[in-house]
Amino acid sequence: MVKTYRHESLLGFFKGMSFPIVSIAVVNSVLFGVYSNTLLALTATSHQQRRAQPPSYMHIFVAGCTSGFLQAYCLAPFDLIKVRLQNQTEPRAKPGSPQPRYRGPVHCAASIFQEEGPRGLFRGAWALTLRDTPTVGIYFITYECLCRQSTPEGQNPSSATVLVAGGFAGITSWVAATPLDVIKARMQMAGLKQRAYQGVLDCIVSSARQEGLGVFFRGLTINSARAFPVNAVTFLSYEYLLRLWG
Ligand SMILES: C[N+](C)(C)CCCC[C@H](N)C(=O)O
């Protein structure tokens, strides 16, 4: 954090932000929409009915994994651009300093498209899918379990319960997701700052061989620190919007 601030000023912390802000609405819409509609297909209960007829944890896990798998492909291009921009560490425009490779998210997308073709925008998508499919299942199971433990049967959880359950769902799912999150980011940077890999398995094996197993938990602390507030607010919005419109 100190180096980023000194090297790139406060703006360094908001690099690559415009795309995630635009994309997170679409990705969350797919994430929560597929989850809720898969539960509707599995249990024939709407969101409101599920408080009185709670789905089984198996159904919640299946719906979460389905949602994680489908939202990964919506997320992949936006996530790639975010990682590429966040890994540009050239100092802010100082005379004589080397210019960063990408001038911004649109230039980044156009450069990847020109240099690597449309498939280039899905670099790291497999690792992202492997990361998100099981961990979104864990995400929703954790949320539902904590809500049920703190809410009388048949009632809606309170705002405090939703915030705490959502926050811990975020942390739990990111703890499970961080190893593959590291691999995903390396696959997305392959060929630029990272050596090119022969695939996800090659990236996992060579990273473990060269840097030890600790490499798979790089970023866990920062991921967890941001995961609580982000997902607490996400679930509160989800619950209240559905109560308003559901
Ligand atoms: C499944 N995985 C842990 C990767 C993400 C689940 C939480 C996603 C949330 N939008 C966030 O940014 O934290």
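All ligand and atom numbering here is 1-based and tracks the order in the structure.
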Proximity of S173 to ligand 1 by residue part, where a heavy atom lies under 4.0 Å: both
Protein residue, atom and distance nearest to atom 4 (C) of ligand 1, heavy-atom basis: D132 OD1, 3.1 Å
Atom 12 (O) of ligand 1 - nearest protein heavy atom and its distance: R226 NH2, 2.7 Å
Basic-acidic side-chain contact under 4.0 Å: R50, E239: no
Other residues, nucleotides, ligands: >12 heavy atoms within 6.0 Å of F216 CZ: yes
Atoms in ligand 1 flagged as close to R131, the criterion being non-hydrogen separation under 4.0 Å: 4 (C)
Atom 1 (C) of ligand 1: the protein heavy-atom neighbour that sits closest, reported with distance to 0.1 Å: T135 OG1, 3.2 Å
With F140, the ring-ring contact (aromatic ring centres under 6.0 Å, His included) member among Y238, Y57, Y35: Y35
For Y139, the ligand 1 atoms whose distance to one of its heavy atoms is below 4.0 Å: 7 (C)
Proximity to ligand 1 by part of N231, non-hydrogen separation under 4.0 Å: side chain
Residues F13, M1; criterion side chain to side chain contact (heavy atoms under 4.5 Å, CB included); working and verdict: CA-CA 8 Å; F13 292 99; M1 287 171 78; 4.1 Å; yes
NZ or CZ of R119 within 45° of F122 ring axis and under 6.0 Å: no
Salt bridge flag under 4.0 Å for residues D79 and K184: yes
Atom 13 (O) of ligand 1: nearest protein contact (heavy atom, Å): W174 NE1, 2.8 Å
